[in-house]
Amino acid sequence: MEISEAHARELEKQVARKQQLREQINGELAGVERILFEAGCGHGHWLADYAEANPEVTCVGIDLITWRIRKGLDKRDKRNLKNLFFYKAELGEFLEVLPPHIRFERTVLLFPDPWPKAKHHRRRMVQTAFLDEVAKRTDTGGTFCFRSDDRPYFDWTVEHLETHPEWEIDDAAQWPHETETYFQSLMEEYFSVVARRV
Ligand SMILES: C[S@@+](CC[C@H](N)C(=O)[O-])C[C@H]1O[C@@H](n2cnc3c(N)ncnc32)[C@H](O)[C@@H]1O
């Protein structure tokens with residue numbers, strides 16, 4: 001099948017971007033075997049606080065937006081947190097290039113974009129394929145933590161977790177760490193769920 005020139009250029013850019021990310025990760029995370037992973041970390045409020053309170057845990061946050069990642073890196077540098085890493089990356093591309101030996105002890109999604117229109121639901125970060133991928137990298141007992149102000153997206157996530165064979169909602173689990181994120185500070189109410197890898 002022939003592809004257009006524009007599509008070919010986009011593919012080339014994608015290959016170069018992933019290669020650059022791969023090299024950055026391989027350099028910075030050399031020797032790391034387990035991480036707490038936050039997808040869509042925004043300004044890094046939650047992750048920087050978590051990393052400060054848990055210096056033994058390697059914390060990795062990703063976000064699509066460069067200036068948000070810069071804000072996270074500023075927090076890391078100001079607090080001199082050696083266990084905290086931020087990458088400007090798209091979720092699918094990050095999971096593709098992350099070395100396969102790196103395991104997730106916890107995965108966190110805080111106020112991810114809800115994409116309310118039905119035709120945009122496929123853009124939500126929580127999808128069966130994503131939960132499959134995170135499950136592959138998580139040992140039994142590891143957790144997936146999700147918080148949103150958007151009830152329909154919260155219900156969608158609960159449904160995906162309830163029907164997934166490798167995740168079980170743990171109603172007794174405590175939220176791992178309380179710190180207001182930028183988006184949390186804007187919301188009057190929100191809903192949280194923690195699931196465990198079975
Ligand atoms: C509503 S904001 C929430 C940010 C932060 N978690 C908070 O609570 O303040 C959602 C974030 O997810 C990021 N994001 C959306 N889709 C993404 C993707 N596919 N890969 C990486 N980041 C993504 C956006 O750039 C944005 O910063």
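These numbers were taken from a predicted model, which means no experiment stands behind them. Quick note: residue numbers are just sequence positions, from 1. For ligands, and for the atoms within them, numbers begin at 1 and follow the listed sequence.
A salt bridge (charged side-chain N to carboxylate O under 4.0 Å, His left out) with K18 is found for exactly one of E12, E93, E96, namely E96.
The nearest pair of heavy atoms linking T179 to H45 is CG2-O, 4.2 Å.
In terms of polar-atom proximity, defined here as any N/O pair under 3.5 Å, G40 does make such a contact with ligand 1. Polar contact check, F183 against ligand 1: a nitrogen or oxygen pair lies under 3.5 Å apart. Looking at ligand 1, you'll find an N or O of D63 within less than 3.5 Å of one of its N or O atoms. Between L91 and ligand 1, a contact under 3.5 Å exists for at least one N or O pair.
The pair R151-E189 fails the salt-bridge criterion, with no side-chain N (NZ, NE, NH1 or NH2) lying under 4.0 Å from an Asp/Glu carboxylate O. Between K136 and E133 a salt bridge is recorded (basic side-chain N to carboxylate O distance below 4.0 Å). The pair R79-D49 meets the salt-bridge criterion, since a charged nitrogen lies less than 4.0 angstrom from a carboxylate oxygen.
In the vicinity of F111, heavy-atom distances shorter than 4.0 Å reach the ligand 1 atoms 1 (C), 2 (S), 3 (C), 8 (O), 10 (C). Residue I65 approaches ligand 1 through these ligand atoms, each under 4.0 Å from one of its heavy atoms: 25 (O). Of all atoms in ligand 1, listed by their number and element, those nearer than 4.0 Å to a heavy atom of E90 are 19 (N), 20 (N).
The closest approach between any non-hydrogen atom of A89 and ligand 1 is below 4.0 Å.
Which of L110, V108, L64, I62 comes nearest to atom 18 (C) of ligand 1 through a heavy atom is settled by distance: it is L64. Checking L109, D113, D149, T181 against atom 7 (C) of ligand 1, the nearest heavy atom belongs to T181.
Using cut-offs of 30° and 60° on the angle between ring planes, the pair F144 and W167 is tilted.
Open room surrounds CD on E33; 12 or fewer heavy atoms of other groups in view lie less than 6.0 Å from it.
Counting heavy atoms under 4.0 Å from ligand 1, residue R68 touches it through the side chain alone.
Donor-acceptor pairing under 3.5 Å is recorded for the side chains of Q19 and R22.
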